[in-house]
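Everything quoted here is computed from the prediction, not taken from an experiment. Counting starts at 1 for both ligands and their atoms, in listed order.
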Amino acid sequence: MPDARATARSAPAAAPAAAPATDKSRSGPARALERLGLTTPLALALHLPLRYEDETRLTPLREGRLGLPLQTEGVVTESKVELRPRRQLVVRLQDDAGDELVLRFIHFYPSHQKTLAPGARVRVRGELRGGFFGREMVHPTFKAVQDGTPLAASLTPVYPSTAQLPQAYLRKAVAAGLGRAPLDEVLPAGSVPAGLPTLRDALHFLHHPPPKAQLATLEDHSHPAWQRLKFEELLAQQLSQMQSRRERALLAAPALPARPGGLHERLLAQLPWGLTRAQHRVCEEIATDLAQPQPMHRLLQGDVGAGKTVVAALCAAIAMDQGWQCALMAPTEILAEQHFAKLVQWLEPLGITVAWLTGSRKGKARQAMLAKVASGEALLVVGTHAVIQDDVVFSKLGLAIVDEQHRFGVAQRLELRRKLRAQTDDGRPLEPHLLMMSATPIPRTLAMTYYADLEVSTIDELPPGRTPIVTKVFADSRRHEVMERIGEEVARGRQVYWVCPLIEESENDDNSRGTPLSELSNATATREDLAQALPGVEVGLLHGRMPPAEKAAVMARFSAGALQVLVATTVIEVGVDVPNASLMVIEHAERFGLAQLHQLRGRVGRGSVASVCVLLYGTPLSDSGKQRLKAMVETTDGFEIARRDLEIRGPGEFMGARQSGDALLRFADLAEDAPLLARARSLASQLLDRHPAAARAQVARWLGQKAEFLKA
Ligand code: ADP
Ligand code: MG
């Protein structure tokens, strides 16, 4: 009997849980459409095919090529159920030239036998294979036809879909949406790059390409119809960002020039190391913005471990030195707690009071903190998004810093902006400066063009003395060797992370959904295995279902070195910093995305100790899984990882992220479409100046409610 744990370990990643069937009156497919966000004609019209099938012609069998899809017609000569090697329906077909084809169905219903009865004329479509008895197709699609039943006039679209949503249903829905979507041209004549069709023509073409369309240009998105779509999207994005930049330029913020000999210099003098050149440069870029009487809106990007936290602290010091408050927000409690510990250590000796606000801090303690924030006694407030909740009132907020900003949900980012706007000083509205930090790298030049609304600072070097992390890949069958290796590492006084497999992606670790139970049982079992294999070693467990206080306690014990090994679900993904950890084991690494693996690996190699990352994989390994592991072994550079990630991920895999609205772009590709982006950028500023109505219509069509989000 296989034990339940082992089965759970090798279980394939489960599909995201279906939404509860609240509305029983709607059919499964209708609800599936809703889940995909396909609720308006425009959304349907923009749901583009993944690929196409050619049902526009019939090919005689003798012209068909093995291994390729083929559509043909013929008359059934024989139909029988065979029992060996397994039960199956075997149908023989003869085409008009007299050539034979065998159709095999392992799964079949009486209706199959009825339609495929001897004498029936049928049209079949499937991959042509060379079987033992000649040409055959396994599970072809088929339908009964009369002589002269018309063929499809255009290529048949195959859409990204889900299990509950049959292609036929989706095709009808998309066709209906395409007919009703408001697609009239909104851009002034002559403004779209020459050679591109109208949006309406482009979409009709992409959904129903004529038989002679160049499939290759549709697949690689170089076709003018695709270019038009990308251009539209980039234009809307640029418009919305330029618009918000223009709006912001009209706002006032406290000018906070850095004072020579001020708090930031005292903090710098007290650090055990000097800043890297890149850290110096970005600090200066930020300080220049802070000195302006308009609100800063800057993204600080830098690979994992590049040292963004200290930059944030120095900038906060500049603001606090002038008596202004700062807020630092992190997406998870663990990360917020780490920041808090570090900032207290850095700043309290300099006389700064640091407050701590998270969702789990309630009652009297919270009230006391709120009072300190409201009175201005606490100059620095660190926490999760609890910092922006309604009962939090700042006395004088001058700078808001958002760490790992991409991990915050859309709603939270919008809430932050709303809250920040409400801050005032002496009745005069003043906006705080805003610094966002992210480890999701986009090449610097592209980032500057893409984020028309943001200034971008990039830390492009790691602190010195880091020994590059060595990454090794092992089959899961060798996990016992890995456990021995852990023993050696611990004996040397080092610490170890063991990350348990991802079974279902959990959105925000601190939030309601938490770690799925199956993942939890895995993690618990792994902790026991490790504790048994390593007597005398303290093994801790951290997972998303633990109450925040308990999580924080475990993390604190690991940070302090009281735990040598930390078994964790992906809650440790973002930003934690324990420099003494030198070994990272990731179980079922093939189930993680490349960006996530890179983030996880970044938890080690934070000190001068040589660190190792071990990726355990289960079999069978998919091609893309293999490529991801290979990329991890070959590079530790975040920009290179990002490039490969895009290369490996097919359009299908992008679906989830795109639908969630969190992905950067749905159709355009920043790297490939840089020339289109440049055109969109210049048209955007012309439209804002001379055709504001067109600009509004374009943004409304493409972004709708998301326009606000893009500014977040
Ligand atoms: P991230 O950019 O991923 O947020 P952190 O701010 O957590 O990185 O920094 C990673 C580690 O590097 C921390 O332990 C931090 O104290 C250390 N560090 C930061 N800057 C320097 C520096 N200039 N020299 C040496 N160590 C540094
Ligand atoms: Mg960080």
Side-chain angles (χ1 to χ4, degrees), residues 264-265 267-284 286 298-317 328-347 382-384 401-408 435-442 444 456-469 494-495 497 509 555 558-561 571-582 584 595-609 611 613 636-639 641-642:
H264 69 287
E265 289 190 5
L267 170 56
L268 199 53
Q270 187 207 261
L271 292 173
W273 21 257
L275 296 187
T276 62
R277 225 176 331 149
Q279 283 171 319
H280 262 300
R281 176 172 42 75
V282 300
C283 278
E284 263 165 38
I286 298 166
R298 191 173 273 274
L299 176 71
L300 172 60
Q301 55 168 7
D303 207 350
V304 235
K308 295 183 287 293
T309 317
V310 71
V311 172
L314 287 164
C315 299
L328 171 61
M329 271 162 289
T332 67
E333 295 229 352
I334 290 180
L335 186 53
E337 170 103 37
Q338 290 231 335
H339 283 333
F340 178 67
K342 191 167 268 180
L343 291 163
V344 164
Q345 181 201 328
W346 283 341
L347 290 163
V382 181
T384 56
I401 303 172
V402 185
D403 193 16
E404 308 287 349
Q405 61 98 21
H406 59 285
R407 292 289 308 249
F408 279 92
L435 178 66
M436 289 163 280
M437 306 202 284
S438 170
T440 305
I442 305 179
R444 184 180 162 84
V456 179
S457 287
T458 305
I459 305 184
D460 50 10
E461 74 183 308
L462 294 181
R466 299 260 172 96
T467 321
I469 306 168
R494 303 285 167 218
Q495 286 166 281
Y497 292 103
D509 325 316
M555 202 59 222
F558 187 65
S559 293
V571 291
I572 63 157
E573 183 195 345
V574 193
V576 294
D577 184 36
V578 178
N580 189 47
S582 61
M584 162 71 61
Q596 204 176 12
L597 287 173
H598 180 64
Q599 284 272 343
L600 283 169
R601 178 171 61 183
R603 298 311 112 217
V604 295
R606 310 203 127 221
S608 54
V609 219
S611 295
C613 174
T636 53
D637 173 350
F639 289 99
I641 293 268

Fill in the blank from the handout: What one should report as the nearest heavy-atom pair of Asp303 and Lys308 is O-NZ, 3.4 Å

Practice task
Look at ligand 1 and say whether Gly302 reaches it with a heavy atom at a distance under 4.0 Å.
Solution key: no

Practice task
Looking only at distances, please establish whether an N/O atom of ligand 1 is found under 3.5 Å from an N/O atom of Trp346.
Solution key: no

Handout entry: Heteroatom proximity flag, Val310 to ligand 1, N/O under 3.5 Å
Key = no

Problem - Element-labelled atoms of ligand 1 that are located less than 4.0 Å from some non-hydrogen atom of Gly274 - result: 22 (C), 23 (N), 24 (N)

Exercise for the section: Any chance you could lay out the side chain to side chain contact (heavy atoms under 4.5 Å, CB included) test for Met437 and Val311, step after step, and finish with the verdict? Expected result: CA-CA 10 Å; Met437 306 202 284; Val311 172; 5.9 Å; no

Exercise for the section: Among Glu337, Gln338, His339, find the one that has a side chain to side chain contact (heavy atoms under 4.5 Å, CB included) with Val382. Expected result: His339

Fill in the blank from the handout: Within 4.0 Å of some non-hydrogen atom of Arg466, the atoms of ligand 1 are 10 (C), 11 (C), 12 (O), 17 (C)

Handout entry: Atom pair CE/CG of Met329 and Asp403 - distance to nearest 0.5 Å
Key = 10.5 Å

Practice task
Can you sort out which atoms of ligand 1 are near Pro463, meaning under 4.0 Å from one of its heavy atoms?
Solution key: 20 (N), 21 (C), 22 (C), 24 (N), 25 (C), 26 (N), 27 (C)

Fill in the blank from the handout: Closest to atom 15 (C) of ligand 1 (heavy atoms only, candidates Arg606, Lys342, Gln599) is Lys342

Practice task
Indicate the atoms forming the closest heavy-atom contact of Gly305 with Arg606, along with that distance.
Solution key: N-NH2, 3.3 Å

Fill in the blank from the handout: The complete set of side chain to side chain donor-acceptor pair (under 3.5 Å) pairs with one or both residues in residues 267-277, sequence neighbours excluded, reads Thr276-Gln279

Fill in the blank from the handout: Heavy-atom proximity to atom 6 (O) of ligand 1, picking from Asp303, Thr309, Leu300, points to Thr309

Handout entry: Note, Trp346 side chain near Val310 side chain (heavy atom, < 4.5 Å)
Key = yes

Fill in the blank from the handout: Numbered in order shown, the ligand 1 atoms found under 4.0 Å of a heavy atom of Val304 are 3 (O)

Exercise for the section: For Thr276, take its heavy atoms, then give the atoms of ligand 1 lying under 4.0 Å from any of them. Expected result: 23 (N)

Handout entry: ligand 1-proximal atoms of Gln279, by part, heavy-atom distance under 4.0 Å
Key = side chain

Exercise for the section: State, without any angle test, whether Thr636 and Arg601 hold a side-chain donor-acceptor pair at a distance under 3.5 Å. Expected result: no

